[in-house]
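First the proteins, then the strands, lettered A, B, ... as listed; each starts at 1.
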Amino acid sequence: MRIATWNVNSVGARLPKLIDWLGKAEPDVLCVQELKCAADAFPVDEVGELGYEVAAHGTGRWNGVAVLSKVGIDEVRRGLLDEPGFQADGAMFETQEPRAIGATCGGVRMWSVYVPNGREVGHPHYAYKLRWLDALRATAIEELAADRPFAVLGDFNIAPTDADVWDIAAFEGSTHVTEDERKALAALAETGLAEVYPRALKYDVPFTYWDYRQLRFPNNQGMRIDLVYGNERFTGAVADSYVDREARKGKGTSDHTPVVVDLDL
DNA sequence: ATGTCACACCTTGTGTGA
């Protein structure tokens, strides 16, 4: 069974690339992030022609997550347990954002997640990021009560170690590399999850994201922020895992590239 | 060079977010 995760940065803009990649990589399940479309606007017919069913959680312009599966989609859950919302500048209330969807596909329980970016250390969005990760942890604890393969896959917007960014000096004072963010990742793992570390198809570090600007991809100045955490039933079944950097090449790509996990179940 | 994308709209530029 092949499972993958990919932040597509707009499913509308990325549809040709998405269809192309699904045809080439042939994952059984794809966890998608940054749909940037409403759930009912997801191109279900186009991916349906390739044999995929869709469970989507999206509201429009921002965020949005989905699970695409050729092996069934059951027990769909939209949103985390006690998920916090974000209170935008000038807004009276917090608004929940579509950043997490859970589903069971082919006997594997999984969540597709898009962790808040944080914007800047000290920004309200950064506090929101940490609170959101708490809710993810609580959801994982709940899910781990069932004895079955379980994984959280997605764009975590955190580099687990200094080696997971192209130049740690360039990230001084930035989000994605702070102790608090890494502690939140560690707390998630302590619930009973371990990271599946993918192979790089080129270079040393399997980066999953390269900024569109400043020739970051040609210079391989990337970050490893798209991660897979699984319980023992999941990680024990991993036969292979790699980052498909080919999908980042050329024009009209996402700034992220897919992470693929092959399981022997 | 805050150098690129993508989206929405009070839309053919501008603001917002990443």
Handout entry: Atom C1', compared across B:dC10 and B:dT14: separation rounded to whole Å
Key = 11 Å
Problem - Exercise: do A:N219 and A:W166 side chains pair donor with acceptor under 3.5 Å - result: no
Handout entry: Span that lies between the P atom of B:dA1 and that of B:dG13, in whole angstrom
Key = 27 Å
Handout entry: Integer-rounded Å distance: B:dA18 C1' and A:R99 CZ
Key = 10 Å
Practice task
Could you tell me whether A:E246 and A:K249 make a salt bridge, using a distance below 4.0 angstrom between a side-chain N and a carboxylate O?
Solution key: yes
Exercise for the section: Identify the residue among A:K36, A:H256, A:Q33 that makes a side chain to side chain donor-acceptor pair (under 3.5 Å) with A:N9. Expected result: A:K36
Practice task
Take atom P in B:dT2 and the same atom in B:dC7, then report the distance between them in whole Å.
Solution key: 25 Å
Exercise for the section: Give a yes or no on whether a salt bridge exists between A:R182 and A:D162, defined as a side-chain N under 4.0 angstrom from a carboxylate O. Expected result: yes
Handout entry: Distance in angstrom units between A:I225 CD1 and B:dA18 P, rounded
Key = 12 Å
Completion exercise
Across all chains, not counting sequence neighbours, the side chain to side chain contact (heavy atoms under 4.5 Å, CB included) partners of A:L265 are A:M1, A:V108, A:P149, A:A237, A:L263
Exercise for the section: Write down the distance between OH (A:Y209) and P (B:dA18), rounded to a whole number of angstrom. Expected result: 11 Å
Completion exercise
Whole-Å distance, A:N63 CG to B:dA18 P, equals 7 Å
Practice task
Would you check if A:R148 and A:E143 make a side-chain contact, meaning some heavy-atom pair closer than 4.5 Å?
Solution key: yes
Practice task
Would you indicate, yes or no, if B:dG3 has its OP1 or OP2 atom less than 4.0 angstrom from a side-chain nitrogen or oxygen of A:R213?
Solution key: yes
Fill in the blank from the handout: Separation of B:dA18 atom P from A:N157 atom CG, nearest Å, is 8 Å
Handout entry: A:D164 with A:R224: basic N within carboxylate O range, under 4.0 Å
Key = yes
Problem - A:H123 NE2 to B:dA18 C1', straight-line distance once rounded to whole Å - result: 12 Å
Exercise for the section: Evaluate the side-chain proximity of A:I19 to A:V47: yes if any heavy-atom separation is below 4.5 Å, no if none is. Expected result: yes
Exercise for the section: Take atom C1' in B:dT11 and the same atom in B:dT16, then report the distance between them in whole Å. Expected result: 15 Å
Problem - Value in whole Å for how far the P atom of B:dA18 lies from CG of A:D155 - result: 11 Å
Completion exercise
A:E34 CD to B:dT16 P, in whole Å, measures 18 Å
Completion exercise
Given Watson-Crick and G-U pairs under 3.5 Å, DNA chain B in dot-bracket ([ ] crossing, | other strand) is ...((((((...))))))
Exercise for the section: Have a look at A:Y114 and say if it touches a base, only the backbone sugar-phosphate, or nothing, with a 4.0 Å heavy-atom cut-off. Expected result: sugar-phosphate
Handout entry: Derivation of the salt bridge (Lys or Arg N to Asp or Glu O under 4.0 Å) call for A:E181 and A:K129
Key = CA-CA 8 Å; A:E181 289 166 290; A:K129 182 179 196 172; 2.5 Å; yes
Problem - Position toward the 5' end of DNA chain B (nearest nucleotide), A:D211 or A:A88 - result: A:D211
Problem - Whole-Å C1' distance, B:dG3 and B:dC9 - result: 26 Å
Practice task
Considering only NZ, NE, NH1 and NH2 on the basic side and carboxylate oxygens on the acidic side, decide whether A:K70 and A:D28 come within less than 4.0 Å.
Solution key: no
Practice task
Classify every nucleotide of nucleotides 5-10 of chain B by which part a protein heavy atom approaches to under 4.0 Å, writing B for the base, S for the sugar-phosphate alone and - for neither, in 5'-to-3' order.
Solution key: SSBS--
